[in-house]
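Everything on this sheet refers to the single structure shown next.
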Amino acid sequence: ALDDPGCADNAEIFKEIEQWHTPGREIFFYDYLTCAPNLYTCNEAVEAHDIRLYDRMGYVGWKNEAPFPDAKYNAKNDQHPDNFPSNWQWLYMVGHMLWDPTLDDQALLADAESKYYGAAYPAMLEYHAERRRLWAKPGPCMGYPRGDSRRPFLLSEAGAKEKLVALLDKAEALAANDAVRLGRVKLDRYWIEKYWIK
């Protein structure tokens with residue numbers, strides 16, 4: 001979180017923000033998504049906290065970069081191909097909370113995920129809860145200038161990888177008769193293998 005005193009980088013930036021902050025000024029926050037590879041992360045709770053923080057401070061908006069997976073910005077534009085697709089929950093939640101920062105971010109996620117996964121939702125609820133728990137464990141701050149220093153440690157807990165894979169197996173079995181939902185679970189398998197396991 002931006003106002004987390006436990007993250008030295010954020011504490012320094014937040015102190016600067018407070019120093020030049022003047023209530024009543026129309027200020028937007030512009031985050032740089034490319035400063036840390038935001039690939040299959042679990043930023044929903046932190047982003048919800050920050051959006052409420054911006055609202056309390058009187059800021060009028062927030063925006064981020066939009067690196068779409070099929071865009072060709074330059075010849076080396078292959079390091080963030082799944083930035084938006086693999087973080088769809090985060091985008092869904094942010095899209096709602098920018099209109100109303102008082103919304104319950106957990107209720108938004110539950111509503112979206114239950115519809116998105118259908119019959120596979122019970123297993124995927126457990127899966128994402130475990131993924132978010134691992135993400136929220138104490139670890140290095142993620143962001144500029146350190147890049148993604150958190151992801152290499154996510155599966156260091158004994159049995160974490162096996163538990164996530166078993167929950168995906170269970171979800172695929174639940175969605176076996178629904179090609180759309182089965183395809184969505186398989187996307188999660190692809191992202192966890194590519195961005196967490198490998």
Side-chain angles (χ1 to χ4, degrees), residues 1-68 73 77 79-110 112-113 128-157 160 191-192 194-196:
L2 181 60
D3 60 344
D4 179 3
C7 179
D9 291 339
N10 281 6
E12 182 181 339
I13 295 295
F14 189 61
K15 185 177 180 181
E16 289 181 12
I17 290 168
E18 287 185 306
Q19 288 172 347
W20 58 252
H21 171 67
T22 304
R25 290 175 68 195
E26 287 200 353
I27 298 173
F28 272 80
F29 262 82
Y30 185 159
D31 281 344
Y32 288 88
L33 193 64
T34 55
C35 289
N38 194 34
L39 298 162
Y40 205 50
T41 59
C42 306
N43 291 332
E44 299 93 2
V46 170
E47 198 74 74
H49 170 89
D50 282 354
I51 288 172
R52 292 185 188 108
L53 172 68
Y54 303 155
D55 184 54
R56 287 194 305 274
M57 294 180 78
Y59 297 140
V60 296
W62 171 95
K63 61 183 177 180
N64 209 316
E65 295 172 332
F68 294 97
Y73 300 108
N77 191 52
Q79 70 265 30
H80 301 294
D82 295 325
N83 223 318
F84 272 17
S86 71
N87 292 295
W88 69 267
Q89 294 101 319
W90 167 67
L91 293 165
Y92 178 87
M93 186 211 66
V94 165
H96 281 76
M97 290 192 70
L98 288 176
W99 288 103
D100 183 358
T102 67
L103 291 173
D104 182 337
D105 55 298
Q106 296 305 305
L108 282 170
L109 289 173
E113 289 178 346
H128 286 300
E130 180 65 6
R131 205 167 65 89
R132 290 172 179 134
R133 182 190 70 78
L134 292 166
W135 184 266
K137 286 173 63 176
C141 294
M142 178 175 168
Y144 181 83
R146 292 181 175 85
D148 186 353
S149 53
R150 179 174 292 262
R151 213 163 4 129
F153 301 96
L154 294 173
L155 297 177
S156 60
E157 182 180 304
W191 290 323
I192 199 81
K194 183 174 182 180
Y195 297 125
W196 286 38

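This chain uses plain numbering: 1 for the first residue, then up along the sequence.
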> Taking all atoms of both residues into account, what is the closest heavy-atom pair of D3 and P5, and its distance?
Replying inline: O-CD, 3.1 Å
>> Measuring from atom CG of L103 to atom CG of L108, what distance do you get when rounded to the nearest 0.5 angstrom?
In response: 5.5 Å
> Side chains of K194 and D82: closer than 4.5 Å at any heavy-atom pair?
Replying inline: yes
>> I'd like to check the ring pair (Phe, Tyr, Trp, His ring centres under 6.0 Å) partners of F28; sequence neighbours left out, ordered by chain and number.
In response: none
> For A11, what residues pass the side-chain contact (heavy atoms from CB on, under 4.5 Å) criterion, not counting sequence neighbours?
Replying inline: none
>> Please give me the minimum heavy-atom distance between R150 and A136, naming the atom from each residue.
In response: NH1-C, 4.5 Å
>> Surrounding NZ of K137 (heavy atoms of other residues, nucleotides or ligands, distance under 6.0 Å), is the total greater than 12?
In response: yes
>> What's the separation between atom CG in L155 and atom CD1 in I192, rounded to the nearest 0.5 Å?
In response: 6.0 Å
>> Rounded at 0.5 Å granularity, tell me how far CZ in F153 sits from CH2 in W135.
In response: 12.0 Å
> Rounded to the nearest 0.5 Å, how far apart are NE2 of H96 and CG of D104?
Replying inline: 12.5 Å
>> More than 12 heavy atoms of other residues, nucleotides or ligands under 6.0 Å from CD of Q19: yes or no?
In response: yes
>> For D55, give me all partners under side-chain contact (heavy atoms from CB on, under 4.5 Å), at least two apart in sequence or on another chain.
In response: P101
>> Please enumerate all residues that pass side-chain contact (heavy atoms from CB on, under 4.5 Å) together with E18, with sequence neighbours excluded.
In response: F14, M57
> Of all residues at least two apart in sequence or in a different chain, which pass the side chain to side chain donor-acceptor pair (under 3.5 Å) check with K15?
Replying inline: none
> How far does OH of Y40 sit from OH of Y195, to the nearest 0.5 angstrom?
Replying inline: 11.5 Å
>> Just to verify, what does D105 make a salt bridge (Lys or Arg N to Asp or Glu O under 4.0 Å) with, not counting sequence neighbours?
In response: R52
> What pairs with N87 under side chain to side chain donor-acceptor pair (under 3.5 Å), at least two apart in sequence or on another chain?
Replying inline: T41
>> Quick one: does any side-chain atom of N10 pair with a main-chain N or O of A1 as donor and acceptor, under 3.5 Å?
In response: yes
>> Taking salt bridge (Lys or Arg N to Asp or Glu O under 4.0 Å) as the definition, give me every residue that meets it alongside R131, ordered by chain and number, with sequence neighbours left out.
In response: none
>> Does Q89 form a side chain to side chain contact (heavy atoms under 4.5 Å, CB included) with R132? I'd like the steps, not just the answer.
In response: CA-CA 12 Å; Q89 294 101 319; R132 290 172 179 134; 4.0 Å; yes
> Do L39 and R151 have side-chain heavy atoms sitting under 4.5 Å apart?
Replying inline: yes
>> Holding to side chain to side chain donor-acceptor pair (under 3.5 Å), I want the full list of residues that pass it with Y54, two or more places apart in sequence or in another chain.
In response: none
> By disulfide bond (SG atoms under 2.5 Å apart), which residues pair with C42, not counting sequence neighbours?
Replying inline: none
> Got a second to check how far N83's CG is from N64's CG, nearest 0.5 Å?
Replying inline: 8.5 Å
> Is there side-chain contact between I17 and F29, with at least one heavy-atom pair below 4.5 Å?
Replying inline: yes
> Mind checking what makes side-chain contact (heavy atoms from CB on, under 4.5 Å) contact with V94, not counting sequence neighbours?
Replying inline: E47, I51, W62, W90, L98
> Mind checking what makes side chain to side chain donor-acceptor pair (under 3.5 Å) contact with R133, not counting sequence neighbours?
Replying inline: E130, E157
